[in-house]
Amino acid sequence: MIAAATLGASASDGLKEAADIQALEAKESGRASYSPTTAVKFKASDNVYLRSTLAVDFTYNKATATLPLFRGLSPKGEDVYYIITESSDFKVAEKLGVNYAPKMKNIVGTEGAQLVTLEKGLVKFKGDVDFSPKYEVKAGSPAPFPPTVAKPGAVADGEWSSMAVMPSGNVLNIQLVQNKSGAHDRLKSIDLKKMAVTLSVLDGFQDGKQYFYHLVTDVSADVPAVLEQGVYAPKLALIPAFGKSEPSDKSALLGFSPVVNGISDVKNPEFQGFEASLANGGIDPINVFPIGPKNDDPSESNNYSPLWDAHVVAWTPEAVKAGKVRRIKSFEDLKELAEAKLITSANPDAPGNPWLFGLKPLKVTINCPVIVHPATVK
């Protein structure tokens, strides 16, 4: 067995780890492992970031992504099943067909990481997830947010982090989707013979364009985990560093901006926000994101991370009274609204993030790997 997280190991060690994981996957699935020649050929207009994706249902409000499934071992040596969506190493990301997320390397050596071991392609985890709790949510009254009941459908133990530091020191974004206790709330179907899993994806906006489809895996706080139907994983709160988004900040996080109190009437095409989600059976809150993955850019300026640092905003009473509440569609839009003081940070006590127009972090990490950003959907 390879010892956990030997810092300073060569890049070739990370590639060897990836090859071992893929070899086991190929053996158990009967499917050729991802490579540029074996990858599913999507249309260019589909803009699939996660190149190992096996299938996408682009149907709006019903969108799903089918991904390769991998078998690992729980701390007790029991079978668990997981997906891989990002790597902190460029070459490993290329080999596995996952997103390149260089900021994740800043997790190594911190309390937010999970050190894992590897033997014959089997990743063995120190932490685990309990998928047995019953998911419950009830909107508040008179305002839907905050909810009066918010119980996550999955809770991680104190050792679990989806930021898995491999023996080489490479960091993989790994999420359990099924184990002995049950399955992830976003799981639609799983095939243990073909080693494939289909999960629901959420909508969002990026650069003024909708259908920024992303997968919520786990969240550092319980109420946001309920709102996003992800695993409640407290260890994610220990990942550095809230309110720091520049590449030079040595943070693993990247700021984005959910909205609390947008329009909640889904008959209005401008609906958006947590209140809309709670008032309408958990529909997409349609969050706003700054950038997508840049999987062909190995430079230090590549600032993508799947670990979104929630700078939650609310429309001001003045904006509501003046009838100016609408859907926010881009970071440029967000900047203008912040400068006009039409929105305000939901956490007024935190330091402002200069990268995000002075808005303040709520100190919640939401792991949202970006899968695909199609030009159009059905």
Side-chain angles (χ1 to χ4, degrees), residues 1-29 33-35 50 52 67-129 156-177 179 195 217-218 231 233 235-236 238-240 250-252 295 298 305-307 367 369:
M1 183 177 291
I2 304 173
T6 304
L7 298 184
S10 69
S12 62
D13 291 336
L15 288 171
K16 176 63 166 56
E17 291 167 344
D20 288 348
I21 290 171
Q22 285 188 318
L24 179 63
E25 175 218 1
K27 179 181 178 181
E28 296 190 338
S29 69
S33 296
Y34 167 82
S35 72
L50 197 73
S52 57
L67 307 179
L69 186 66
F70 303 87
R71 181 171 65 91
L73 296 174
S74 75
K76 296 180 179 180
E78 298 169 336
D79 286 344
V80 297
Y81 298 91
Y82 66 90
I83 57 173
I84 305 173
T85 54
E86 274 85 14
S87 169
S88 66
D89 182 270
F90 182 73
K91 291 295 184 182
V92 173
E94 280 190 322
K95 181 166 181 56
L96 292 174
V98 298
N99 295 328
Y100 173 47
K103 290 170 75 73
M104 293 194 323
K105 68 179 182 293
N106 295 317
I107 289 157
V108 177
T110 75
E111 292 298 316
Q114 177 180 189
L115 304 183
V116 301
T117 56
L118 182 68
E119 184 176 13
K120 297 180 180 179
L122 280 171
V123 175
K124 185 170 184 178
F125 301 98
K126 292 184 67 175
D128 209 347
V129 175
D157 64 23
E159 295 291 341
W160 174 262
S161 170
S162 45
M163 294 295 104
V165 181
M166 302 297 292
S168 66
N170 178 44
V171 184
L172 295 178
N173 188 2
I174 287 179
Q175 180 59 57
L176 295 189
V177 295
N179 62 19
M195 295 299 285
T217 58
D218 48 355
V231 174
K235 197 174 177 71
L236 295 188
L238 303 177
I239 294 172
K250 303 304 179 185
S251 171
N295 293 328
S305 173
L307 299 169
N367 190 352

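Everything numeric in this text was worked out from a predicted model, so none of it was measured. Worth knowing before you read on, the calculation uses all heavy atoms, side chains too, and leaves out hydrogens, waters and symmetry mates.
Phe70 is linked by a ring-ring contact (aromatic ring centres under 6.0 Å, His included) to Tyr82, counting only residues two or more places apart in sequence or in another chain. Residues passing the side-chain contact (heavy atoms from CB on, under 4.5 Å) test with Lys76, sequence neighbours excluded: Ser74, Glu78. Listed by chain and residue number, Asp128, Ser181 satisfy the side chain to side chain donor-acceptor pair (under 3.5 Å) test with Asn179 (two or more places apart in sequence, or in another chain). Taking the salt bridge (charged side-chain N to carboxylate O under 4.0 Å, His left out) definition, one finds that Lys91 meets it with Glu94, sequence neighbours left out. Every residue was checked against the ring-ring contact (aromatic ring centres under 6.0 Å, His included) condition with Tyr81, not counting sequence neighbours, and none meets it. Checked against side chain to side chain donor-acceptor pair (under 3.5 Å), Ser161 has no partners two or more places apart in sequence or in another chain. Residues forming a salt bridge (charged side-chain N to carboxylate O under 4.0 Å, His left out) with Glu28 (at least two apart in sequence, or on another chain): Arg71. Qualifying side chain to side chain donor-acceptor pair (under 3.5 Å) partners for Asp89, counting only residues two or more places apart in sequence or in other chains: none. Every residue meeting the side chain to side chain donor-acceptor pair (under 3.5 Å) condition with Lys95, not counting sequence neighbours, appears here in chain and number order: Gln22.
The minimum heavy-atom distance between Ser87 and Leu172, with the atom names listed, is CB-CD2, 3.7 Å. Among all heavy-atom pairs drawn from Val116 and Pro167, the shortest one is O-CD, 3.7 Å. Ala156 approaches Val231 most closely through the heavy-atom pair N-CG1, 3.9 Å. Across Pro369 and Asn173, no two heavy atoms sit closer than the pair CG-ND2, 3.8 Å.
Side-chain contact between Glu159 and Pro75: absent, with no pair of heavy atoms (C-beta onward) separated by less than 4.5 Å. Annotation: side chain of Val129 is not in contact with side chain of Asp157 (no heavy-atom distance under 4.5 Å). Here the side chains of Ile107 and Leu307 are in contact, with some heavy-atom distance below 4.5 Å.
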(request) Show the numbers, then the answer: is there a side chain to side chain contact (heavy atoms under 4.5 Å, CB included) between Met104 and Met163? (result) CA-CA 8 Å; Met104 293 194 323; Met163 294 295 104; 3.6 Å; yes
(request) Dump the intermediate steps for side chain to side chain contact (heavy atoms under 4.5 Å, CB included) on Leu73 and Val80, then the final yes or no. (result) CA-CA 6 Å; Leu73 296 174; Val80 297; 5.7 Å; no
(request) Check the pair Ile174, Gln114 against side chain to side chain contact (heavy atoms under 4.5 Å, CB included), reporting the backbone distance first and the verdict last. (result) CA-CA 10 Å; Ile174 287 179; Gln114 177 180 189; over 6 Å; no
(request) Could you walk me through whether Ser52 and Val98 pass side chain to side chain contact (heavy atoms under 4.5 Å, CB included), step by step? (result) CA-CA 6 Å; Ser52 57; Val98 298; 4.2 Å; yes
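Using a distance-only test at 3.5 Å, with no hydrogens or angles considered, no donor-acceptor pair links the side chain of Glu86 to the main chain of Ser305. Distance alone, capped at 3.5 Å, is enough to place a donor-acceptor pair between the Asn295 side chain and the Tyr100 backbone. Panel note: side chain Glu17, backbone Leu118; no donor-acceptor pair is recorded below 3.5 Å. In this structure a side-chain-to-backbone donor-acceptor pair under 3.5 Å is present from Ser88 to Val171.
From Gln175, atom CD reaches atom CG of Leu67 across 12.0 Å, with rounding to the nearest 0.5 Å. Atom CG in Leu50 sits 8.0 Å away from atom CD1 in Ile83 (nearest 0.5 Å). Lys235 NZ to Ser162 OG: the interatomic distance, rounded to the nearest 0.5 Å, is 11.5 Å. The structure places CG of Leu236 at 9.5 Å from CH2 of Trp160, a figure rounded to the nearest 0.5 Å. For the atom pair CG (Asn99) and CD1 (Ile84), the distance works out to 12.5 Å, reported to the nearest 0.5 Å. Taken from NZ in Lys126 to CG in Leu115, the straight-line distance is 5.5 Å, to the nearest 0.5 Å.
Sorted by first and then second residue, the side-chain hydrogen bond (donor to acceptor under 3.5 Å, both in side chains) pairs with a member in residues 102-112 read Lys103-Asn303; sequence neighbours excluded.
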